[in-house]
Amino acid sequence: WVQLNRTLRARKFFFESLHSFVRGCIEMGIPIRGGIALGNCICNKGENVYLGQAIIDAYRVEQSIDFVGAAFHQSVKTIDLSRFPDEIVDYPVERFRKRRGAKLLPPADFLSKVIYWNSWRAQSTLRADVARLKRLRSRSPKRDWPKYTNTIRYLMKVPPRDPEILRLLENAREQLG
C-alpha cells in the first residue's frame, strides 16, 4: 500500500519506482505479477491490519492476469496515465487474463494499461529477457506455461522499431508456442 500524492511529481516517482521494481525482478529471474488499484484504505502497520476495496481490487487484478508484469484496475482511470509514457503503456489486458479460477475479474474491470517494464535500451537486453523467460518456463509446471507465452506476446505487442529485435521476438514466440 502506498498513499498516492496528488502532485504530478509524486505520481511520476511512484510509477518510475513500480517500473524499476518490476524490471529488477525480471532481471533477477523472478516472475512477478501485480495489480494496481486506487481507493481509500485503512492501514495499521503496527496491528498488521489492511482493509479497503482498493486492496481487494488490486489483489483480484493480480490473480486474474496471466503474464509477467503489473496491470491496472479500472479504478485508476481517474488519473491521467498518458502523462507517464515511459512507465505505463496500452496493452489489451483483457485478452491475456486467466480464463478460470476463483473470483477472477470480468474484462470490464481492467484498465488496458500495464507497467512498461520492457523499455529495453539495446537488443542484448531483449535477448536476455527472452532467455530468462524461456528458463523460467522450462522450470515451471506446465500449467504455468501460458504466463510466459503471454509475456512474449506482451513483448511483441510493444516492440521497438528495430527489425532485428522484431525477428528475435518472432523466433522466441514460435519457440514458446
Side-chain angles (χ1 to χ4, degrees), residues 1-2 14-38 50 53-76 81 87-160 165-177:
W1 175 84
V2 67
F14 174 73
F15 292 127
E16 285 173 350
S17 298
L18 280 176
H19 163 89
S20 296
F21 179 74
V22 173
R23 175 86 216 145
C25 287
I26 300 299
E27 288 175 356
M28 291 186 295
I30 301 169
I32 190 170
R33 279 191 328 216
I36 302 158
L38 186 65
Y50 301 89
Q53 189 61 46
I55 294 170
I56 295 166
D57 292 340
Y59 169 78
R60 289 183 67 203
V61 166
E62 180 274 329
Q63 288 292 296
S64 298
I65 61 175
D66 205 15
F67 57 90
V68 176
F72 291 87
H73 184 263
Q74 60 88 19
S75 61
V76 182
L81 298 178
E87 297 81 27
I88 300 169
V89 67
D90 291 331
Y91 185 65
V93 175
E94 62 282 353
R95 286 185 30 219
F96 300 103
R97 64 185 183 88
K98 293 179 182 173
R99 300 293 177 221
R100 320 183 190 129
K103 301 186 179 186
L104 296 181
L105 284 178
D109 283 356
F110 287 101
L111 196 58
S112 289
K113 304 270 186 196
V114 295
I115 292 295
Y116 185 41
W117 62 263
N118 67 315
S119 56
W120 51 76
R121 305 284 188 284
Q123 187 174 334
S124 59
T125 307
L126 176 61
R127 279 198 173 101
D129 286 345
V130 169
R132 273 187 209 93
L133 291 167
K134 286 180 181 178
R135 278 193 306 275
L136 287 167
R137 181 182 169 182
S138 70
R139 292 183 280 186
S140 298
K142 197 167 186 172
R143 72 180 188 291
D144 289 341
W145 286 9
K147 173 174 44 180
Y148 300 104
T149 303
N150 289 338
T151 304
I152 291 293
R153 289 184 181 131
Y154 160 77
L155 293 171
M156 292 292 294
K157 177 70 178 153
V158 194
I165 293 179
L166 292 173
R167 269 192 298 283
L168 176 67
L169 285 170
E170 188 60 40
N171 290 340
R173 190 177 74 164
E174 288 171 8
Q175 290 174 3
L176 289 177

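FYI, side chains are in, hydrogens and waters are out, and symmetry mates aren't considered; it's all heavy atoms of this structure. Just so it is clear, the structure is predicted and the values come from calculations on it, not from any experiment.
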Heavy-atom nearest pair, Glu62 first then Gly35, reads CB-N, 3.7 Å

Contacts of Asp57 that satisfy side-chain hydrogen bond (donor to acceptor under 3.5 Å, both in side chains) - sequence neighbours left out
Gln53

Val68: which of Ile30, Val22, Ile26 passes side-chain contact (heavy atoms from CB on, under 4.5 Å)
Ile26

Please check if the side chain of Ser75 supplies one atom and the backbone of Leu38 the other of a donor-acceptor pair under 3.5 Å.
yes

CZ (Arg137) and CG (Asp144) are apart, to the nearest 0.5 Å, by 11.0 Å

With rounding to the nearest 0.5 Å, note down the distance linking CD in Glu27 to OG in Ser20.
9.5 Å

Atom CZ of Arg132 and atom OG1 of Thr151: how far apart are they, to the nearest 0.5 Å?
13.0 Å

Residues at least two apart in sequence or cross-chain that pass side-chain contact (heavy atoms from CB on, under 4.5 Å) with Leu136, listed by chain then number, are Pro31, Arg139, Tyr148

Please give me the minimum heavy-atom distance between Ile36 and Val76, naming the atom from each residue.
O-CG2, 3.6 Å

Measure the shortest side-chain to side-chain distance between Arg60 and Gln63 over non-hydrogen atoms and say whether it is less than 4.5 angstrom.
no

Residues at least two apart in sequence or cross-chain that pass side-chain contact (heavy atoms from CB on, under 4.5 Å) with Ala71, listed by chain then number, are Val61, Ile65, Phe67, Val93, Val114

Sorted by chain and residue number, the side-chain hydrogen bond (donor to acceptor under 3.5 Å, both in side chains) partners of Lys113 (sequence neighbours excluded) come out as Asp90

Tell me, do Ile115 and Phe21 make a side-chain contact under 4.5 Å, heavy atoms counted?
no

